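Inspection log for the structure reproduced underneath, given as structure tokens.
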Amino acid sequence: SVYSLSPKIKYIAHIHSKPIWSMMLKGNYLKTEPVPYGTKEMAKEVKRIYENIYPLEKPLFAMAGHEDGVMLFGEKIDEILSKTDRLLKEINCFH
């Protein structure tokens, strides 16, 4: 479902991080409703959260129904690594 958001999406990372996931669920980040991962409902949720947003403007979201699950995506792998690094730095700011 993520690849179908834009033909420019070439890379997707599915990570598990309780600190990042928790921060994203509490903060101003995109997140799905708590539906099970790997289901049609999750695919619908991904489409729903990007309904009115160009996906590459906000290329990450937390999966509320998939504990610790976060998806990041982009045109280049460097973008995903950079975004992950920024999230980790953001978490450290809260400690």
Side-chain angles (χ1 to χ4, degrees):
S1 64
V2 175
Y3 284 118
S4 71
L5 296 172
S6 170
K8 293 185 176 186
I9 297 170
K10 303 295 182 203
Y11 297 93
I12 298 173
H14 173 169
I15 65 170
H16 285 256
S17 168
K18 185 169 282 308
I20 291 174
W21 184 73
S22 296
M23 176 188 71
M24 289 179 70
L25 289 181
K26 293 174 188 169
N28 190 24
Y29 289 92
L30 295 175
K31 52 196 140 276
T32 67
E33 291 295 323
V35 298
Y37 177 73
T39 63
K40 289 180 184 180
E41 290 80 14
M42 179 60 76
K44 288 177 187 175
E45 275 297 296
V46 172
K47 286 186 181 234
R48 181 191 64 78
I49 63 177
Y50 285 101
E51 238 170 21
N52 300 310
I53 300 169
Y54 179 62
L56 293 172
E57 285 180 15
K58 293 190 176 188
L60 73 158
F61 61 91
M63 294 176 278
H66 185 53
E67 190 171 345
D68 305 340
V70 174
M71 295 286 252
L72 303 99
F73 54 89
E75 293 182 78
K76 300 175 183 172
I77 194 72
D78 309 13
E79 296 168 352
I80 294 170
L81 296 172
S82 176
K83 182 66 79 175
T84 304
D85 189 49
R86 282 193 296 264
L87 288 169
L88 290 169
K89 287 178 182 167
E90 200 171 326
I91 289 168
N92 287 334
C93 290
F94 293 114
H95 293 301

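All figures in this text were calculated on a predicted structure; none of them were measured in a lab. Values reported hereafter were calculated over all heavy atoms of this structure, with side chains retained and with hydrogens, waters and symmetry mates removed.
Here the CG atom belonging to Leu5 is positioned 8.5 Å from the CD1 atom belonging to Ile12, to the nearest 0.5 angstrom. If you take OG on Ser1 and NZ on Lys47, they are separated by 7.5 Å, rounding to the nearest 0.5 Å. In this structure, the separation between CD1 on Ile49 and OG1 on Thr32 is 6.5 Å, given to the nearest 0.5 Å. The line from CG of Leu56 to OG of Ser6 is 5.0 Å long, rounded to the nearest 0.5 Å. Leu87 CG to Ser17 OG: the interatomic distance, rounded to the nearest 0.5 Å, is 8.5 Å.
Hydrophobic clustering (ILVMFWY, side-chain heavy atoms < 4.5 Å, transitive): Tyr50 and Met42 are in one cluster. Residues Val46 and Ile53 share a hydrophobic cluster, clusters being chains of Ile/Leu/Val/Met/Phe/Trp/Tyr side chains in contact below 4.5 Å. Leu25 is not connected to Leu30 by any chain of hydrophobic side-chain contacts under 4.5 Å among Ile, Leu, Val, Met, Phe, Trp and Tyr, and they are in different clusters.
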- prompt: Can you list the steps and then say if Glu33 with Arg48 is a side chain to side chain contact (heavy atoms under 4.5 Å, CB included)?
  reply: CA-CA 10 Å; Glu33 291 295 323; Arg48 181 191 64 78; 3.9 Å; yes
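With a 4.5 Å cut-off on side-chain heavy atoms, Tyr29 and Met23 count as touching.
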Indicate every side-chain donor-acceptor pair of residues 59-66 with a distance under 3.5 Å to a residue at least two apart or in another chain.
{"unit_1": "His66", "atom_1": "NE2", "unit_2": "His14", "atom_2": "NE2", "d": "3.1"}
{"unit_1": "His66", "atom_1": "NE2", "unit_2": "His16", "atom_2": "NE2", "d": "3.3"}

Donor-acceptor contacts under 3.5 Å from residues 71-83 side chains, at least two apart:
{"unit_1": "Glu79", "atom_1": "OE1", "unit_2": "Glu75", "atom_2": "N", "d": "2.8"}
{"unit_1": "Glu79", "atom_1": "OE1", "unit_2": "Lys76", "atom_2": "N", "d": "3.3"}
{"unit_1": "Ser82", "atom_1": "OG", "unit_2": "Arg86", "atom_2": "NH1", "d": "2.9"}

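Taking the ring pair (Phe, Tyr, Trp, His ring centres under 6.0 Å) definition, one finds that Tyr54 meets it with nothing, sequence neighbours left out.
Nearest heavy-atom pair, Val2 versus Ile9, reported as atom, atom and distance to 0.1 Å: O-CD1, 3.4 Å.
Salt-bridge annotation for Lys31 and Glu45: absent, with no side-chain N of the basic residue lying under 4.0 Å from a carboxylate O of the acidic one.
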